[in-house]
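For ligands, and for the atoms within them, numbers begin at 1 and follow the listed sequence. Fair warning: this is a prediction, and the values are worked out from it, not measured in the lab. Note: hydrogens, waters and symmetry copies are ignored here, and every other heavy atom, side chains too, is used.
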Amino acid sequence: MDISYLGLLLAFLINFTRAISTFSPARPPSLPLAVKSPYLSTWLDAGRDGGNGGYLPGQWPQFWTNQVTGWTGLIRVDGTTYTWMGNPIGPALAEQVTYEYTSTKSIFTIDVAGKLAMNITFLSPITPDDMMRQSLVFSYMNVEVTSMDGTTHDVQLYSDISAGQIAYHHVFKQDQALFSENDDQAEWGDCKLTHQSGIDKDVRGAFTSNGKLGNTNDTNYRAINNQWPVFGFSVDLGKVGTYPVDTLFSLGLCQTQAVQFAGNGGTQALPSLWTSFFTDERQALSFFHQDYSTSLNLSTDFDQRVARDSVAAAGQNYLTITSLSARQAFGATQLVGSWSSKYYLFLKEISSDGNVQTVDVVFPAFPFFLYANPTLLKLLLDPLFENQEAGLYSQMYSMHDLGTHYPNGTGHPAGDDEYMPVEECGNMLLMTLAYAQQANDIGYLIQHYPILHQWNEYLVNYSLYPAFQVSTDDFAGSLANQTNLALKGIIGIAAMAEIAHLTGNHHDAGIFTNISYNFINTWQSLAISKNTYPPHTTLSYGDEDSNGLLYNLYSDKLLSLNLVPSSVYDMQSAFYGSSGVAQKYGVPLDTRHNYTKGDWEIWTAAISDESTRDMFIQKVATWISETPTQRALTDLYDTISGDWPIDGPQFASRPVMGGTFALLALP
Ligand SMILES: *[C@@H]1O[C@H](CO)[C@@H](O)[C@H](O)[C@H]1NC(C)=O
Ligand SMILES: *[C@@H]1O[C@H](CO)[C@@H](O)[C@H](O)[C@H]1NC(C)=O
Ligand SMILES: *[C@@H]1O[C@H](CO)[C@@H](O)[C@H](O)[C@H]1NC(C)=O
Ligand SMILES: *[C@@H]1O[C@H](CO)[C@@H](O)[C@H](O)[C@H]1NC(C)=O
Ligand SMILES: *[C@@H]1O[C@H](CO)[C@@H](O)[C@H](O)[C@H]1NC(C)=O
Ligand SMILES: *[C@@H]1O[C@H](CO)[C@@H](O)[C@H](O)[C@H]1NC(C)=O
Ligand SMILES: *[C@@H]1O[C@H](CO)[C@@H](O)[C@H](O)[C@H]1NC(C)=O
Ligand SMILES: *[C@@H]1O[C@H](CO)[C@@H](O)[C@H](O)[C@H]1NC(C)=O
């Protein structure tokens, strides 16, 4: 037998001993399990080790930072225990058969020794029109069990979670450090897991040997890596036949105080919004748990809306992208404040630096919020307006973020935040008009007119020839005269002209319309390559050999401004489609690097002709299936290898992937 034949045989045997799961609509780099807020963000990395990744039995679920959460699931069938989640020492692994995801769910089906079928649904509800439900920082895990072989089995079900970020029955961290983080995980709060019937609690070994737990409480507070305390629950399901038996677990993190915010009332601690609806976390959790049927229906409605709209806009490949991005975008946010007075949606710039409410992170994500419910966009913008209108920021241009470390939105009174003035002034004007148009809220424009006018003045002064500065893609480096950045500023001025028009400031409207048209004419003479074929915009003025994704053109279309001539749209679309710049997994962000950004690719797709649009979408969807990055969806990746950029940071789980909703946010 020659070696290659032996290798083939071994590969066959390995495949034979390890059942292969299907993954639908794709096997993403990391499978979202409980993804609901910056501190409830649990994933299962897909791995690329010959098909062994993305399996619930045999792998540990992880927080987005990669820390193991120790979430475990066991099932005992006629006296023999199997593992269906996690990788504890001991029990044999059950076999995963299918995995499927929607915008709100991850669903696994698992075969337990040919005897039982399990259907495990992780539901992180998205209810954009229902702030009360959306405010609950919880996620569901529903476990359905049926006999597979037609006979009745004696079944006990078990799940536990390590005490890393959770506690149960008011077992909370002994020393709560309010508003602090430890490796990006919340250091305070009270986390819970419940199930529908008969709670028992002890350790996995007791369950494995007895099928039940000892009902004892571990009151010995200790570090989680000291004898790994776990909180386990077991349910005796009794005799299980062909009629499905469901057990529901609810998991979450309750923080009564959520963020600190420097607004017009000074710096205050803001509570989680759910505290407006429930007296304490026990009541909130109990409501959530009993609300499964309604919450499931509302989430399924949202799933179906995204599916219908995505497929209609650009087909199944597009749905593969949007349905994976929805939870991730919303999961970076928390509803905070008071329902009866003022409430906000706070956003953490997960992974890149942890800033609060970063304007140029809200911006790439904003198509998702606009599509889900435009009011969510207002709730994201409100704290930025409130802080700066209260005079708490000392610059004339828009701030970059509300605070360096989430959850401290204490502002930058000295104006010393990251310097991105043209970028952020443009972003604020564009997002504010987008919200007002789609929510038909002219009052919002009137309310904020003075500061919008001030930011516009900055753009009039500095956007046509942006000085040496970074754009939102700060990792790519600083550059003067960036074509795409100037375009954002100029479209921002046209947006201000429209804001002036809508609010009856006709004199301003005339001036700003005039300026924006003058600027866009000059911009075209500076930004378009003259001696290269096919023609295209350059990365910076006069750099003939450069090019890049001109994603800022999207706002002109989104806001129906008709500022930029259609010839520019056509030129760019033809360039990406025909010039050979497209690599296997996408079109590079610009000529300085081989990496690209998935969010900006879809923004660009949204303003391209059909074939170029589908080219972008097909490449991003293929990348999702094939990337070896193995972490919660990154927005920054190498277009040739599909892997991490060789000359850039590793991002994971950033809300900017909400930008993939760009096609769906268009009016
Ligand atoms: C699993 O449960 C989900 C949610 O209840 C359901 O939509 C799906 O059809 C079930 N799948 C199987 C294979 O039972
Ligand atoms: C937020 O501010 C508090 C003091 O108000 C501080 O103790 C905490 O460490 C800060 N949190 C972060 C993440 O920097
Ligand atoms: C364990 O804690 C729960 C919740 O506080 C309590 O109801 C139960 O009585 C405790 N059990 C023991 C054995 O102390
Ligand atoms: C959820 O939807 C199902 C099927 O449409 C319906 O039978 C059920 O009553 C709904 N439940 C709630 C709580 O709305
Ligand atoms: C714009 O430029 C004018 C003239 O130089 C200056 O007075 C004004 O303060 C500038 N405004 C802003 C917001 O930079
Ligand atoms: C920006 O472009 C203009 C027009 O080409 C040029 O005059 C100016 O020197 C450029 N600025 C920088 C900093 O390169
Ligand atoms: C618009 O600009 C032109 C010069 O480009 C000028 O003649 C005209 O008066 C301007 N109109 C307004 C309303 O500012
Ligand atoms: C892109 O990758 C190719 C092939 O590895 C390499 O030759 C080229 O220098 C890279 N370009 C940049 C801008 O890094």
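- F468 does not count as a contact of ligand 6, since none of its heavy atoms falls under 4.0 Å from the ligand.
- Close approach of ligand 6 to Y465 (heavy-atom distance below 4.0 Å) involves ligand atoms 2 (O), 3 (C), 4 (C).
- Inspection of the Y551 and D599 side chains reveals no N or O donor paired with an N or O acceptor under 3.5 Å.
- Near ligand 8, residues T591, R592, H593, N594, I640 come within 4.0 angstrom through at least one heavy atom.
- No donor-acceptor distance shorter than 3.5 angstrom exists from the side chain of S147 to the backbone of L116, with no hydrogens or angles considered.
- Atom numbering of ligand 4 starts at 1 in the shown order; those under 4.0 Å from a heavy atom of T294 are 13 (C).
- Taking the six-membered ring for Trp and the full ring otherwise, F277 and W339 have centroids separated by under 6.0 Å.
- When each atom of ligand 6 is checked for a heavy atom of Y541 under 4.0 Å away, the hits are 2 (O).
- A donor-acceptor contact under 3.5 angstrom links the side chains of S352 and E349, judged on distance only.
- The backbone N or O of I624 sits nowhere less than 3.5 Å from a side-chain atom of T627 that would complete a donor-acceptor pair.
- A donor-acceptor contact closer than 3.5 angstrom is absent between the side chains of K584 and S641.
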Subject >> Test salt bridge (Lys or Arg N to Asp or Glu O under 4.0 Å) applied to D45 and R631, step by step >> reply: CA-CA 6 Å; D45 289 351; R631 289 187 65 188; 6.0 Å; no
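- Residues S295 and R133 bring no donor and acceptor atom of their side chains to less than 3.5 Å of each other.
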